[in-house]
Protein chains: 2
Amino acid sequence: MRKITSTNFENEKFLEYDCPFITTLRFIGKRWKPAVLWKINQGYIRFKLLKQVLPLISDKMLSATIREMETDGIIQKEVFDEVPLRVEYKLTEFGKELLPILKEMNEWGMKTIEKITSHNKV
Amino acid sequence: MRKITSTNFENEKFLEYDCPFITTLRFIGKRWKPAVLWKINQGYIRFKLLKQVLPLISDKMLSATIREMETDGIIQKEVFDEVPLRVEYKLTEFGKELLPILKEMNEWGMKTIEKITSHNKV
DNA sequence: TCTCATACTTACTAAATTGTTAGTAGATTA
DNA sequence: TAATCTACTAACAATTTAGTAAGTATGAGA
């Protein structure tokens with residue numbers, strides 16, 4: 001959790017209203033956020049499904065990532081009173097506005113992975 | 001500096017060849033990177049100019065940000081043997097490929113800042 | 001000789017992020 | 001009774017990132 005007394009925090013607070021990039025990274029700049037968002041958008045809308053398609057994420061990180069994105073208004077949680085418990089997530093309208101960025105990130109990332117791995121194949 | 005012996009590092013190393021988003025964040029996921037890149041592209045190609053348009057960045061962070069992006073092959077440095085020393089930076093072709101992402105990030109960020117600040121004006 | 005300029009680096013500190021391991025609730029199944 | 005299921009949380013440890021303050025090299029000009 002962040003401390004609200006720190007130059008770091010103050011800096012971000014200020015920059016958030018000044019620099020669009022810092023604002024954007026505030027929402028998607030952590031390791032797992034873009035991937036989780038993308039996967040939810042693709043239909044992996046439950047905790048377990050997300051763990052399956054992102055096998056390296058830990059329970060804690062997935063849970064924290066989801067919670068933060070919920071707080072940020074990017075995703076919505078729906079709890080079904082069933083047994084065993086069913087919980088589903090979906091993008092909010094605000095969250096959907098992030099998709100163009102994610103699309104570009106995804107494409108660039110894939111291209112770059114190809115470059116890197118084909119170099120290694122020499 | 002990163003330690004090359006850490007789960008964190010290993011995780012990223014692996015994910016870098018697996019998850020496009022993590023790859024992308026590897027290159028632009030730090031606070032000042034997108035802004036510096038964007039500003040260089042806009043013509044603020046010297047240390048001093050960058051400090052002027054990003055007044056809150058410290059010398060250290062600007063220097064570190066530039067150095068990393070150089071190592072990553074995103075920008076190129078040119079040193080002119082003049083007095084006082086002149087150094088200029090420009091995007092490489094690889095770096096230019098990041099511009100579509102930056103463009104989307106910038107637009108989303110600006111829209112979001114507007115939303116946030118107009119709420120506050122109530 | 002002292003100060004100024006540019007483009008940095010160094011040493012140190014503080015804070016944020018990520019990861020590991022184990023455990024929880026409530027109901028169901030073996 | 002014990003194990004299984006989903007969707008988590010808690011306690012703790014390690015690593016990474018960001019920030020502050022001061023200093024460096026080179027040469028020019030007063």
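Within every chain, numbering begins at 1; the chains are lettered A, B, ... in the order of the sequence lines, protein sequences first and strands thereafter. Hydrogens, waters and symmetry mates play no part in the numbers below; they use all other heavy atoms, side chains included.
- For Glu68(A) and dA16(C), the CD to P distance is 12 Å, given to the nearest whole Å.
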| message | Is there a salt bridge (charged side-chain N to carboxylate O under 4.0 Å, His left out) between Glu93(A) and Lys96(A)? Walk through the geometry before answering. | response | CA-CA 5 Å; Glu93(A) 286 309 311; Lys96(A) 284 179 190 164; 3.3 Å; yes
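- Take Lys48(B) and apply the side chain to side chain donor-acceptor pair (under 3.5 Å) test, not counting sequence neighbours, and it matches no residue.
- Atom NZ of Lys51(A) and atom P of dC8(D) are 13 Å apart (whole Å).
- Across the protein-nucleic acid pair, Met61(B) atom CE and dA21(D) atom P stand 16 Å apart, rounded to whole Å.
- Note: CD (Glu82(A)) to C1' (dA25(C)) measures 17 Å, nearest angstrom.
- Checked for salt-bridge contact, Glu68(B) and Lys33(B) meet the test: a charged N lies under 4.0 Å from a carboxylate O.
- Leu62(A) places its CG atom 14 Å from the P atom of dT20(C), with the value rounded to the nearest Å.
- Listed for the Ser63(B) side chain is no donor-acceptor partner under 3.5 Å among the backbone atoms of Asp59(B).
- In this structure, Thr92(A) and Gly73(A) approach most closely via the heavy-atom pair OG1-O, 2.6 Å.
- A donor-acceptor pair under 3.5 Å links the side-chain atoms of Thr24(B) to the main chain of Met105(A), judged by distance alone.
- Here dG19(C) presents its P atom at 9 Å from CG of Leu56(A), a figure rounded to the nearest Å.
- Note: CG (Asp81(B)) to P (dT6(C)) measures 17 Å, nearest angstrom.
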Pairs: protein N or O with nucleotides 7-11 of chain C N or O, under 3.5 Å:
residue : atom : partner  : partner atom : Å
dA7(C)  : OP1  : Arg46(B) : NE           : 2.9
dA7(C)  : OP1  : Arg46(B) : NH2          : 2.4
dA7(C)  : OP2  : Lys48(B) : N            : 3.3
dC8(C)  : OP1  : Lys77(B) : NZ           : 3.0
dC8(C)  : OP2  : Tyr89(B) : OH           : 2.1
dC8(C)  : N4   : Asp59(B) : OD2          : 2.4
dT9(C)  : OP2  : Ser63(B) : OG           : 2.4
dT9(C)  : OP2  : Arg67(B) : NH2          : 3.0

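- Between the side chains of Arg67(A) and Thr71(A), not a single donor N or O lies within less than 3.5 Å of an accepting N or O.
- Within a 6.0 Å sphere centred on OH of Tyr44(B), heavy atoms belonging to other residues, nucleotides or ligands number 12 at most.
- Nearest-nucleotide positions on DNA chain C for Ser58(A) and Val83(A) put Ser58(A) closer to the 5' end.
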Atom pairs under 3.5 Å: protein N/O with N/O of nucleotides 1-4 of chain C:
none

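- In this structure a side-chain-to-backbone donor-acceptor pair under 3.5 Å is missing from Lys90(A) to Ile40(A).
- What separates CG of Leu25(A) from P of dT17(C) is a distance of 11 Å, to the nearest Å.
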